[in-house]
Amino acid sequence: MDSNDKRIHERKHAIYFSEVHNTDENSLMGHVVDISMKGIMILTKEKIDEGGLFRLEIVLPEELEGRDRLNIRAKSMWCKRDANPDYYVVGLELEDMSMMDEEILMDYIRQYGY
């Protein structure tokens with residue numbers, strides 16, 4: 001980990017690139033690239049402004065704790081061009097998760113992160 005890296009939660013790369021939907025706009029926002037208990041990085045075609053607040057739905061690869069989707073709020077922290085200039089990578093900080101959502105997220109990270 002870089003000495004300037006402020007993360008305290010280990011980030012894992014996703015082995016399954018779950019769809020992430022913006023439920024406010026009823027649209028596909030992007031796909032999960034990596035994930036931690038406090039944030040996700042997504043790959044998207046659209047530039048996303050820093051500081052934006054979103055209600056997101058992450059489509060899970062299988063049912064976890066009886067649910068196939070995770071609904072969370074997130075704040076965009078940064079956005080930059082991907083190595084492929086047709087895409088952007090966006091860092092989103094997860095906010096106000098219920099205990100059940102945290103359990104589902106832990107299961108997702110354990111099963112689909114490396």
List in chain and number order the residues that pass salt bridge (charged side-chain N to carboxylate O under 4.0 Å, His left out) with [X], two or more places apart in sequence or in another chain; answer none if no residue qualifies.
X: Asp68; value: none
X: Asp82; value: none
X: Asp24; value: Arg55

Can you measure from [atom1] ([X]) to [atom2] ([Y]) and round to the nearest 0.5 angstrom?
X: Ser18; Y: Ile42; atom1: OG; atom2: CD1; answer: 12.0 Å
X: Ile58; Y: Ile72; atom1: CD1; atom2: CD1; answer: 4.0 Å
X: Leu56; Y: Met29; atom1: CG; atom2: CE; answer: 5.5 Å
X: Leu92; Y: Arg73; atom1: CG; atom2: CZ; answer: 13.0 Å

Is the shortest side-chain heavy-atom distance between [X] and [Y] below 4.5 Å?
X: Tyr108; Y: Glu65; result: no
X: Gln111; Y: Leu64; result: yes
X: Val20; Y: Thr44; result: no
X: Asp101; Y: Leu94; result: no

Partners passing side chain to side chain contact (heavy atoms under 4.5 Å, CB included) against His31 (at least two apart in sequence or in another chain):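 Side chain to side chain contact (heavy atoms under 4.5 Å, CB included) list for His31, sorted by chain: Phe17, Glu19, Leu28.
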Only counting residues at least two apart or in another chain, list the ones meeting side chain to side chain contact (heavy atoms under 4.5 Å, CB included) with Lys75.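 Side chain to side chain contact (heavy atoms under 4.5 Å, CB included) check on Lys75 returns Leu53, Met77, Glu95.
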[X]: what forms a side-chain hydrogen bond (donor to acceptor under 3.5 Å, both in side chains) with it, not counting sequence neighbours?
X: Asn22; answer: none
X: Asp49; answer: none
X: Glu62; answer: Tyr112
X: Asp107; answer: Arg110

Is Glu46 atom CD crowded by more than 12 heavy atoms from other residues, nucleotides or ligands, each under 6.0 Å away?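 For Glu46, atom CD is not crowded (no more than 12 foreign heavy atoms under 6.0 Å).
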So, for Ser76 and Val90, which heavy atoms are closest and what is the spacing to 0.1 Å?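 Where Ser76 meets Val90 most closely, the heavy atoms are CB-CG1, 4.3 Å.
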Pairs in or reaching into residues 84-94: which pass side-chain hydrogen bond (donor to acceptor under 3.5 Å, both in side chains), with residues at least two apart or in two chains?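 Output for this query lists Arg81-Tyr88.
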